[in-house]
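Below: the structure, in structure tokens.
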Number of protein chains: 2
Amino acid sequence: MDITTFSALAEPNRLRIVELLLDGPLTVGDITDRLQLQQPQVSKHLRVLLDAGLVEVQAEANRRNYKLRLDPFQELDAWLETYRTVWEERFEALEQYLQKLKAKENKKN
Amino acid sequence: MDITTFSALAEPNRLRIVELLLDGPLTVGDITDRLQLQQPQVSKHLRVLLDAGLVEVQAEANRRNYKLRLDPFQELDAWLETYRTVWEERFEALEQYLQKLKAKENKKN
DNA sequence: AAGGAATATTCCTGTCAAGGAATATTCAAA
DNA sequence: TTTGAATATTCCTTGACAGGAATATTCCTT
């Protein structure tokens, strides 16, 4: 798992930017308006997201369109797979326990 | 999505600790040995993980057993759901495009 | 009660990241 | 070619965080 994904998302404003981009590409000005931030800070955050591979840019004249890249999220998803396995194991263990408990109850009655 | 999960996982050694705990509870000494770190640093990282709710402790005499908590990972998984939706949409769009391309090819022949 | 093992905390220092302010760059339009 | 809009970069300061070293705490054993 690539750590830089986590560090990039660990900053509140950057996470907000990512969530915004979920609905489609946005320009720096768009993000500045919606998040009520200073333009330079937005640019800086976008730079970090860019370096982390979380977004990509497409220049169009004066503007720059920032778009979400899904690869890192897919990597994250794949990484989580192991953890999913673990909690499913635990869930099954719990189920079995409840089954036994139920069986014991039936015997008592 | 709780940011502290990301910040906690954004540190290499902490991520390694988490991966270790995937195989079951471990003691501070265990982790210290396996990761070749200084014991105080391990304790400090565990403290961060504890505060972030990624692990839980169970004291047993001198030792302390650290165990992975799955809730934050489940939260992460749920958060990713939205992104999964997006990439599935894109995949379907790609499929439809290929279908049309194929249809056009057939017409040509 | 004393000593020692396991763990946590504190203090210090260096590094890094974030915001603010100012400035540089790039491009379109007149 | 000058002006203005959109964006990026730089410099500065401040706060957070990681590692190292030392020390405190807790509990078992003798």
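Chain naming here is simple, since letters A, B, ... match the order of the sequence lines and numbering starts at 1 in each. Basis for what follows: all heavy atoms, side chains included, without hydrogens, waters or symmetry-related copies.
Atom CD1 in B:Ile3 sits about 13 Å away from atom P in D:dC17, given to the nearest Å. Across the protein-nucleic acid pair, A:Arg47 atom CZ and C:dG19 atom P stand 17 Å apart, rounded to whole Å. Distance CD (A:Glu60) to P (D:dA5): 19 Å, rounded to an integer number of Å. Across the protein-nucleic acid pair, A:Leu26 atom CG and D:dA6 atom P stand 15 Å apart, rounded to whole Å. A:Leu50 has its CG atom 12 Å from the C1' atom of D:dA8, to the nearest Å. Rounded to whole Å, the distance from CG on B:Leu35 to P on D:dG19 is 11 Å. When the C1' atom of C:dT13 is taken as reference, atom NZ of B:Lys44 falls 12 Å away, rounded to whole Å. Spacing between atom CG of B:Asn65 and atom P of C:dA8 amounts to 11 Å, rounded to whole angstrom units.
Comparing D:dA8, D:dA5, C:dT7 against the side chain of A:Arg64 picks out D:dA8 as the nearest. The nucleotide whose nearest atom lies closest to any side-chain atom of B:Thr27 is, among C:dA5, C:dT7, C:dA8, C:dT7. The nucleotide whose nearest atom lies closest to any side-chain atom of B:Gln39 is, among C:dA8, C:dT10, D:dC27, C:dA8. Of the candidate nucleotides C:dA8, D:dC27, D:dT10, D:dC27 has the atom lying nearest to any side-chain atom of B:Asn62. Taking the side chain of B:His45 as heavy atoms from C-beta on, and the options C:dT9, D:dT7, D:dA18, the nearest nucleotide is D:dA18.
Between B:Trp79 and B:Phe6, the distance from one ring center to the other falls under 6.0 angstrom.
Between B:Tyr66 and C:dA8 there is a side-chain polar atom (N or O) within less than 4.0 angstrom of OP1 or OP2.
Along DNA chain C, the nucleotide nearest to B:Val42 and the one nearest to A:Gln38 differ in position, and the one closer to the 5' end is contacted by B:Val42. Mapping A:Gln41 and A:Arg63 onto DNA chain D by nearest heavy atom places A:Arg63 at the nucleotide closer to the 5' end. Along DNA chain C, the nucleotide nearest to B:Val28 and the one nearest to A:Pro40 differ in position, and the one closer to the 5' end is contacted by B:Val28.
Among the candidates A:Val28, A:Leu49, A:Val42, the single residue satisfying the side chain to side chain contact (heavy atoms under 4.5 Å, CB included) test with A:Tyr66 is A:Val28.
Across all strands shown, D:dA21 pairs with C:dT10; the Watson-Crick or G-U wobble distances both stay below 3.5 Å. In this structure, D:dT1 forms a base pair with C:dA30, meeting either the Watson-Crick or the G-U wobble geometry with both donor-acceptor distances under 3.5 Å.
The pair B:Asp23-B:Arg34 does not meet the salt-bridge criterion, since no charged nitrogen lies less than 4.0 angstrom from a carboxylate oxygen. We find that A:Glu19 and A:Arg16 are not joined by a salt bridge, their nearest charged nitrogen and carboxylate oxygen being 4.0 Å or further apart.
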Can you check salt bridge (charged side-chain N to carboxylate O under 4.0 Å, His left out) on A:Arg47 and A:Asp51, steps first, answer last? CA-CA 6 Å; A:Arg47 179 95 167 108; A:Asp51 289 345; 3.4 Å; yes
